[in-house]
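Values in this document were obtained by computation on a predicted structure and should not be read as measured data.
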Amino acid sequence: MLNQASMSMLKRCMPKVVNPEARRLAVTEAVFRVICRDGLEGATLRNIAEEAGLAIGSVRHYFTGHTDLTVFALAALRDRVTARILGHVERLLSADPADPTVDQRAEVEKLLAEFLPLDEQRRQETVVWLEFVTAARTRPELQGHARELYDGMRMVVGRVLDRARRIGRLCDDLDIAVESERLSALLDGLAMNAVLQPDRLPLDMIHRILAGHLDSLKEPS
């Protein structure tokens, strides 16, 4: 029978069991923190490993270099935001437009607010997004991924507006294509300015601007 000293030595010799998903999540969070603090170019494998509290070899197990890490982080950002958006979309589509207990307008605002830096997590995501889309201007390997983010937001905005028009909440003659671009541009501008000049665009002002824009699209009573 092994004594306590032998058991301790055996445990030290046994390989540690690593949860790959937990490790990738830890690395993803470290990537976001480093990008927020040091910019995209500061997100080197060495800096990410240090931020995550890992050996650089552990990070290299998942990424071959800076470009691979960058594309992974961009995909992680897309997946994170998409998961939240789909939750709002499901609630909105499953609601009966005639049900007076369901505030359709509030649900739409909550959905669109996912694109805005209204809390610390969304602020971090917005900073990361801005770093990516700025870098994509001169880095071809990022351009397709950045376009996916833009296209995804515009698709969601277009579907929200189209549904609102079909259930009689918006003007019948509203040009959905134009209004989708206009609302998307508004969300882009609010997100960028809220991060770059937060003192000039407090959270309550962001809510008021978004609400005012949606009001301007409503079918007259």
Side-chain angles (χ1 to χ4, degrees), residues 29 32-40 73-74 76-95 97 99-134 146 149-165 167-171 174-221:
E29 295 297 336
F32 287 172
R33 290 195 300 272
V34 171
I35 291 175
C36 284
R37 186 179 65 237
D38 304 324
L40 190 59
L74 187 53
L77 174 64
R78 178 200 62 214
D79 293 345
R80 177 186 289 188
V81 175
T82 298
R84 295 202 309 268
I85 292 293
L86 290 178
H88 289 289
V89 169
E90 184 177 349
R91 286 192 294 275
L92 191 61
L93 295 181
S94 63
D99 186 349
T101 66
V102 178
D103 190 338
Q104 299 271 332
R105 164 59 181 276
E107 289 299 325
V108 168
E109 285 195 40
K110 288 178 184 178
L111 188 157
L112 296 175
E114 292 296 350
F115 296 110
L116 299 171
L118 297 174
D119 56 31
E120 182 55 32
Q121 178 175 320
R122 282 176 286 182
R123 190 199 71 81
Q124 182 192 65
E125 291 168 353
T126 301
V127 172
V128 172
W129 167 74
L130 287 173
E131 288 286 332
F132 281 130
V133 296
T134 301
L149 289 178
Y150 274 111
D151 290 346
M153 181 175 71
R154 279 154 176 75
M155 180 187 67
V156 169
V157 168
R159 290 186 175 182
V160 167
L161 293 180
D162 183 61
R163 179 181 183 275
R165 184 178 62 178
I167 65 175
R169 303 300 173 89
L170 300 182
C171 302
L174 201 69
D175 188 326
I176 296 299
V178 170
E179 293 303 332
S180 295
E181 288 298 326
R182 193 159 74 106
L183 179 50
S184 296
L186 176 67
L187 294 172
D188 283 341
L190 287 174
M192 181 177 67
N193 282 281
V195 166
L196 298 180
Q197 302 186 65
D199 56 321
R200 298 185 61 181
L201 197 61
L203 299 186
D204 64 321
M205 179 65 75
I206 295 175
H207 282 291
R208 287 165 55 195
I209 292 172
L210 177 58
H213 181 83
L214 295 178
D215 284 341
S216 72
L217 304 176
K218 288 194 304 185
E219 179 72 32
S221 302

Query - Arg165/Asp162 under salt bridge (charged side-chain N to carboxylate O under 4.0 Å, His left out): CA gap, chis, key distance, verdict - result: CA-CA 5 Å; Arg165 184 178 62 178; Asp162 183 61; 3.4 Å; yes
Query raised in the report: Is there a side chain to side chain contact (heavy atoms under 4.5 Å, CB included) between Arg159 and Arg163 once you walk through the steps?
Result: CA-CA 6 Å; Arg159 290 186 175 182; Arg163 179 181 183 275; over 6 Å; no
**Report entry** Verdict with reasoning, Arg91 to Lys110, per side chain to side chain contact (heavy atoms under 4.5 Å, CB included)
**Finding:** CA-CA 11 Å; Arg91 286 192 294 275; Lys110 288 178 184 178; over 6 Å; no
Report task. Go through the steps to decide whether Val127 and Phe32 satisfy the test side chain to side chain contact (heavy atoms under 4.5 Å, CB included), and finish with yes or no. Result -> CA-CA 9 Å; Val127 172; Phe32 287 172; over 6 Å; no
**Report entry** Arg123 and Glu120: CA distance, side-chain angles, deciding distance, salt bridge (charged side-chain N to carboxylate O under 4.0 Å, His left out) verdict
**Finding:** CA-CA 5 Å; Arg123 190 199 71 81; Glu120 182 55 32; 3.3 Å; yes
Query raised in the report: Between Cys36 and Val128, does a side chain to side chain contact (heavy atoms under 4.5 Å, CB included) hold up when you go through it step by step?
Result: CA-CA 6 Å; Cys36 284; Val128 172; 4.0 Å; yes
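Contact check for Val156 versus Glu114: no side-chain heavy atoms found under the 4.5 Å cut-off. Between Leu183 and Leu112 the shortest side-chain heavy-atom distance falls below 4.5 Å.
The distance from the CG atom of Leu214 to the NZ atom of Lys218 is 9.5 Å, given to the nearest 0.5 Å. Between the CD1 atom in Ile85 and the CZ atom in Arg80 there is a gap of 13.5 Å [rounded to 0.5 Å]. To the nearest 0.5 angstrom, Ile35 atom CD1 is 11.5 Å from Leu130 atom CG. Put simply, OG on Ser184 and OH on Tyr150 are 10.5 Å apart, with the number rounded to the nearest 0.5 Å.
Between the side chain of Glu131 and the backbone N or O of Leu40, at least one donor-acceptor pair lies under 3.5 Å. Panel note: side chain Arg122, backbone Ala113; a donor-acceptor pair is recorded below 3.5 Å. The backbone N or O of Gln104 lies less than 3.5 Å from no partner atom in the side chain of Arg169, so there is not a single donor-acceptor pair.
Scanning both residues, Leu116 and Thr126, for their nearest heavy atoms gives C-OG1, 4.5 Å. Between Leu74 and Ala146, the closest heavy-atom pair is CD2-N, 3.9 Å.
Screening residues 178-192 for salt bridge (Lys or Arg N to Asp or Glu O under 4.0 Å), with sequence neighbours left out, gives Arg154-Glu181, Arg154-Asp188, Glu179-Arg182.
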Quick one: side chains of residues 191-211, donor-acceptor pairs under 3.5 Å with protein atoms, not counting sequence neighbours, listed by atom name and distance.
from, atom 1, to, atom 2, distance (Å)
Asn193, ND2, Gly189, O, 2.8
Gln197, OE1, Arg200, NH1, 3.1

